[in-house]
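Chain letters run A, B, ... following the sequence lines, proteins first, then strands; residues in each count from 1.
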There are 2 protein chains.
Amino acid sequence: MSSSPQLSSQSPLTTGESEVIAIFVQMTQVLGVPRSLGEIYGLLFATPQPLSFQDIADRLKLSKGSVSQGLRFLRAVGAIKPVVIAGDRREFFEPETELRALVSGFLRERLNPQLESWGARAKALKIQDFVSDGMSQNPAIKSDELKTLSNRLDKLKTWQKRANTVLPVIGKLLG
Amino acid sequence: MSSSPQLSSQSPLTTGESEVIAIFVQMTQVLGVPRSLGEIYGLLFATPQPLSFQDIADRLKLSKGSVSQGLRFLRAVGAIKPVVIAGDRREFFEPETELRALVSGFLRERLNPQLESWGARAKALKIQDFVSDGMSQNPAIKSDELKTLSNRLDKLKTWQKRANTVLPVIGKLLG
DNA sequence: CATTCGGTTCAATTCAAAATGAACAAATTA
DNA sequence: TAATTTGTTCATTTTGAATTGAACCGAATG
């Protein structure tokens with residue numbers, strides 16, 4: 001038995017399935033993630049039964065490599081849930097459909113790590129690094145300009161903290 | 001006079017400038033926008049004086065085309081502000097540095113339009129489009145599966161409304 | 001133990017999006 | 001009015017990220 005019982009893995013997509021997939025593919029463009037993620041999640045969303053690895057590859061005509069990587073990402077952000085089916089060695093998947101879980105998973109796994117790295121770099125900035133220290137063929141920075149620059153760097157350093165207070169709230173607002 | 005007074009347009013970037021630019025380039029990857037946007041905004045952020053079109057192209061070694069398109073986008077989302085300098089035909093630019101303005105501009109110009117289109121498509125979905133209406137070589141959908149599918153489509157249709165209530169709040173939280 | 005099954009990894013390829021640069025336009029100056 | 005400056009547009013090229021596919025691995029099966 002190579003495919004799910006009662007499920008013809010290589011039948012063409014229905015109109016509805018194609019449309020749901022298209023919607024999620026459209027979202028991938030905004031989120032800046034690969035198109036295949038939208039296809040996989042969309043197919044799972046449009047299918048009441050859990051699907052196996054092979055089901056997904058067959059119906060979407062994606063390579064095993066793409067499906068493997070796609071599922072890994074979707075699992076990492078909590079967008080899909082593994083389903084164990086008794087007496088079947090394969091992994092099955094169904095979609096997480098709570099908006100709150102989807103959004104906060106994405107924020108946690110994608111945005112937060114970047115924010116941290118970004119905040120660390122911002123903190124390391126020194127005014128000193130902005131004066132071109134060549135043989136003074138460059139004009140000295142005026143004091144009001146120095147002030148402006150200093151203000152900007154200070155602002156930059158506060159951004160991470162502010163993001164860290166706001167982001168957790170978003171999840172709650174959606175809950 | 002082909003460059004800003006007292007500003008050597010093609011001098012190499014200082015350490016500080018390079019680092020600020022790198023930080024904003026890193027952000028572009030999360031946001032899913034072109035790298036050049038981060039370079040342009042980063043340079044403006046790291047420079048106390050307003051810069052002209054040509055200043056930007058020279059210092060970043062970007063083509064005029066890239067700078068033109070980059071400035072258009074940054075203006076559209078309100079990330080930069082035009083500055084008029086008396087007796088100078090050229091346009092100058094300085095960065096918007098309020099996090100609140102930056103975030104809400106981006107949400108308004110990039111996310112909202114997509115959300116709308118996406119909500120419209122979701123609303124148009126009909127359960128009927130998910131039954132494969134071939135010569136019944138496919139199994140009929142069971143009633144509990146129909147229920148699951150119906151629930152999911154309903155959820156999908158509520159997502160846009162929820163996003164529209166939450167997104168405006170984000171700006172205020174950052175203010 | 002040999003073979004199939006279910007899935008991962010990663011180097012090579014493909015492809016879409018970004019950058020380029022030449023042609024163009026509009027305003028300015030000589 | 002010719003020449004210059006400032007910036008836009010858009011067809012082509014470039015490039016980097018996504019996808020592929022073959023090699024690989026461990027677990028199950030005969």
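- Put simply, the side chain of A/Ser66 never gets that close to the backbone of A/Ser63: no donor and acceptor are under 3.5 Å apart.
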Any N/O pairs under 3.5 Å between the protein and nucleotides 27-30 of chain D? List them or say none.
none

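- Rounded to a whole Å, the CD atom of A/Gln29 is 14 Å from the C1' atom of C/dC15.
- The shortest non-hydrogen separation linking B/Leu115 to B/Ala163 is CD1-CB, 3.6 Å.
- Residue A/Phe93 is the one, among B/Val33 and A/Phe93, whose nearest nucleotide of DNA chain C lies closer to the 5' end (criterion: closest heavy atom).
- Using modelled atom types, no side-chain atom of B/Arg35 and backbone atom of B/Val25 make a donor-acceptor pair closer than 3.5 Å.
- The CG-P distance, from B/Asp88 to D/dT6, rounds to 7 Å in whole Å.
- Between A/Arg90 and A/Asp88 there is a salt bridge, with a side-chain nitrogen of the basic residue lying less than 4.0 Å from a carboxylate oxygen of the acidic one.
- Under the 3.5 Å distance criterion, with hydrogens and angles disregarded, a donor-acceptor pair is assigned to the side chains of A/Arg59 and A/Ser11.
- As a whole-Å value, the separation of B/Arg90 CZ from C/dA27 C1' is 15 Å.
- Two residues are said to be in side-chain contact when any heavy atoms from C-beta on lie closer than 4.5 Å; B/Pro95 and B/Tyr41 meet this criterion.
- Atom CG in A/Leu37 sits about 13 Å away from atom C1' in D/dA17, given to the nearest Å.
- The distance from atom CD1 of B/Ile56 to atom P of D/dT6 is 14 Å, rounded to the nearest whole Å.
- For A/Leu51 and C/dG6, the CG to P distance is 15 Å, given to the nearest whole Å.
- Rounded to an integer number of Å, the gap from A/Phe53 CZ to C/dT8 C1' is 8 Å.
- B/Glu17 places a side-chain N or O within donor-acceptor distance of the main-chain N or O of B/Thr14, the cut-off being under 3.5 Å.
- By the 4.0 Å N-to-carboxylate-O rule, B/Lys126 lies too far from A/Glu19 to be salt-bridged with it.
- For the contact set between residues 63-78 of chain B and DNA chain C, defined by any heavy atom under 4.0 Å, the members are B/Ser63, B/Gly65, B/Ser66.
- By the 4.0 Å N-to-carboxylate-O rule, B/Arg121 lies too far from B/Glu116 to be salt-bridged with it.
- Regarding A/Arg35, its CZ atom lies at a distance of 16 Å from the C1' atom of D/dT20, rounded to whole Å.
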